[in-house]
Chemist: 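Below you'll find the structure I mean.
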Amino acid sequence: MSTAVEQTDSQADDCTGKQAALAGYVAEFPNPSALKQAAGQTREAGFKEFDCYAPFPVHGIDDVMGIKMTRLPYIVLACAFTGAITAVALQYFTNAFDYKYIISGKPFFSIPADVPITFELAVLFSAFGSLLGMLALNKLPKFYNRLFMIDPFLKATTNGFFLAIEAKDPKFHENDTREFLNSLKPIEVVACMEPNENVKIPKIFLPIAACILIFGLVPLVVIARMRVTPQTTPRIEIVHDMDFQPKLKTQRFSNMFADGRGMRPRIPGTLARGDLRHDTAFYEGLIPEQADKVNREHLLPNAKKEDGTSVSLDKMPWVSQIPVPVDEKLMARGQERFNIYCSVCHGLSGKGDGIITQRAMKLQAANPGVGTWLLPTPLYSEPVRKQKVGQLFNTITHGVRKMPGYGSQIPVKDRWAIVLYLRALQESGSGSIEDVPAEIREKLNAEAKE
Ligand code: HEC
């Protein structure tokens, strides 16, 4: 069984007939345990440049061969750190150095806010590190393996167990190594030859490669060109996905109507269902009899008249009575909604010292030239006190100057509740101790003394 086979002529010579150099020996073994034993003996004999090939993982063979743990985890760890540091540096540079911007008084640089990007970049870099590191450590891609030139070796993927010792091993010797392998009782030992150096790439290869390269660039050039040239015809769609659906979108063409518009203009004198906001006092804070005269555009923040002058909101026909029944429940609701939506800027007392304002002012003071944060108007200041409830309602709905509107977030009735609570804040903000009922007054005094 264990007879060595001499190298065959076809392996010894290449087509030029020149003697090729020896690259190593490959020994085939009958089963995994024989391979494992041979591997142990090869290692004991002092060989370093050898490897085992089997169709499936052979348990324990790594230890026998003296294979150390892969260095890949360290590469991945280094990549993860690089990713994390890159992310933190990027966020520091953009948010805290290059373009400082006050957003709700948040700090320019804050590790908790940076965590998601840092985590993601660490994961991304580690993924690249593990893939590229694996390829590099395995010396891949490898287009050619001389072991594949040995016919019996092809069994390595089905039922062959091979051990190869390379000629570059310092202990390798043409005859001694072959004898050593034979002493391990293999099925056979085959010499593996270096490919002849004179082997040349076939001449036709270059022009073909050049053609493939050039034609490969054509789609990219076409795409690049299409991106910068205006088209009059619809684009070619290879995959339609859900691009075409039998429904109309805003600003789209439709041949259903004579004017070709998919979006229908409002028909004069009609209203959409549920859009009858007849009660202008409730919905807009405007006196119903005079509401028709009001240009609604003028109710928006920073509105200008046709002649370019700014609109005076004070002169609008605002209602002066809250148009919903006022009771304690509404007041409680108003306080709750105010504390949720308004107190962040205006402060719980309406003084203008909300938490966002405090932080933003601190940031602004510490970083001259950064930001233009505006202090919210004290809600009990004289001009605001003088405003009618309708105007306060309008301020909540649409906003005013630099303050954003909250109409889309706060339902109409809740806006009136807030208006009611604003009035209460204004009373408390300008009241004196005489306004407090006698029994509570004593309690307050007692508390103040403590
Ligand atoms: C994001 C911060 C912020 C929030 C939240 C906010 N405001 Fe304001 N508010 C301001 C600022 C800033 C001004 C001053 C605007 C200006 O003068 O340009 C202002 C002004 C006002 C004024 C005075 C309007 C005038 O005519 O002078 C009223 C009234 C007011 N806010 C009510 C409210 C109410 C009620 C809420 C809650 C629904 C609220 N604000 C929520 C920032 C805020």
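Numbering starts at 1 and runs along the sequence shown. Fair warning: this is a prediction, and the values are worked out from it, not measured in the lab. As the structure lists them, so they are numbered: ligands from 1, and atoms in each ligand from 1.
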Chemist: Taking distance alone, with no angle check, do Y406 and ligand 1 share an N/O pair under 3.5 Å?
Modeler: no
Chemist: Give the residue, atom name and distance (to 0.1 Å) of the protein heavy atom nearest atom 27 (O) of ligand 1.
Modeler: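 In this structure, atom 27 (O) of ligand 1 has R401 NH2, 3.0 Å as its nearest protein heavy atom.
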Chemist: For the 3.5 Å polar cut-off, considering only N or O atoms, please tell me whether K402 and ligand 1 meet it.
Modeler: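 It does: an N or O of K402 is found under 3.5 Å from an N or O of ligand 1.
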Chemist: Under 4.0 Å from a heavy atom of V400: give me the atoms of ligand 1 that qualify, with their elements.
Modeler: 15 (C), 24 (C)
Chemist: State yes or no: are the ring centers of F56 and F161 separated by less than 6.0 Å?
Modeler: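 Yes, close enough.
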Chemist: Please report which non-hydrogen protein atom sits nearest to atom 20 (C) of ligand 1, along with the residue it belongs to and the distance in Å to one decimal place.
Modeler: T377 OG1, 3.5 Å
Chemist: Of all the heavy atoms in Q387, does at least one lie under 4.0 Å from an atom in ligand 1?
Modeler: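 Checking ligand 1 against Q387, which is what was asked, there is a heavy-atom contact under 4.0 Å.
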Chemist: Check this for me, if you would: do E328 and R333 make a salt bridge, where the nitrogen-to-carboxylate-oxygen distance has to be below 4.0 angstrom?
Modeler: no
Chemist: Given that the side chain starts at C-beta and the backbone is N, CA, C, O, which of these parts of L392 lies under 4.0 Å from ligand 1, counting heavy atoms, or is it both or neither?
Modeler: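 For L392, the contact with ligand 1 is made by the side chain alone.
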Chemist: Testing V64, D51, L163 for side chain to side chain contact (heavy atoms under 4.5 Å, CB included) with T42, which one passes?
Modeler: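 The single option meeting the side chain to side chain contact (heavy atoms under 4.5 Å, CB included) with T42 is L163.
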Chemist: Can you tell which part of H346 has a heavy atom less than 4.0 Å from ligand 1: side chain, backbone, both or neither?
Modeler: side chain
Chemist: Under 2.8 Å from atom 8 (Fe) of ligand 1 - does any N, O or S atom of C342 fall there?
Modeler: no
Chemist: Can you confirm whether or not the ring centre of F162 sits under 6.0 Å from the ring centre of F153?
Modeler: yes
Chemist: Compare all side-chain heavy atoms of Y380 with those of L425 and state whether any distance is below 4.5 angstrom.
Modeler: no
Chemist: Ignoring hydrogens and angles, tell me if any N or O in the side chain of K36 forms a donor-acceptor pair with the backbone of H59 under 3.5 Å.
Modeler: yes
Chemist: Is L313 touching ligand 1 with its side chain, its backbone, both, or neither, if touching means heavy atoms under 4.0 Å apart?
Modeler: neither
Chemist: Does the shortest distance from atom 8 (Fe) of ligand 1 to an N/O/S atom of M403 fall below 2.8 Å?
Modeler: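 M403 does place an N, O or S atom closer than 2.8 Å to atom 8 (Fe) of ligand 1.
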Chemist: Is there a donor-acceptor pair closer than 3.5 Å between any side-chain N or O of R385 and the backbone N or O of Q426?
Modeler: yes
Chemist: Mark up the atoms of ligand 1 that fall under 4.0 Å of a heavy atom belonging to I396, in ascending order.
Modeler: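 Ligand 1 atoms under the 4.0 Å threshold to I396: 35 (C), 38 (C).
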Chemist: Closer than 4.0 Å to some heavy atom of P376 - which atoms of ligand 1 meet that?
Modeler: 10 (C), 11 (C), 12 (C), 13 (C)
Chemist: Should the pair D259-R264 be classified as a salt bridge under the 4.0 Å nitrogen-to-oxygen rule?
Modeler: yes
Chemist: Does a salt bridge link E284 with R277, judged by any charged N lying under 4.0 Å from a carboxylate O?
Modeler: no
Chemist: Could you pull out, from V344, D314, N302, L374, the option with a heavy atom nearest to atom 16 (C) of ligand 1?
Modeler: L374
Chemist: Pick one of side chain, backbone, both or neither for how I418 approaches ligand 1, counting any non-hydrogen atom pair under 4.0 Å.
Modeler: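 Answer for I418: side chain.
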Chemist: Return the residue, atom name and 0.1 Å-rounded distance of the protein heavy atom closest to atom 28 (C) of ligand 1.
Modeler: L379 CD2, 3.5 Å
Chemist: If we ignore angles and hydrogens, is there a donor and acceptor under 3.5 Å between the side chains of N367 and K100?
Modeler: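 Yes, because at least one side-chain N or O of N367 sits under 3.5 Å from a partner of the opposite role on K100.
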Chemist: For atom 1 (C) of ligand 1, what's the nearest protein heavy-atom neighbour? Residue, atom name and distance, please.
Modeler: C345 SG, 2.7 Å
Chemist: Tell me whether the count of non-hydrogen atoms from other residues, nucleotides or ligands lying under 6.0 Å of CD in E382 goes above 12.
Modeler: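 For E382, atom CD is crowded (more than 12 foreign heavy atoms under 6.0 Å).
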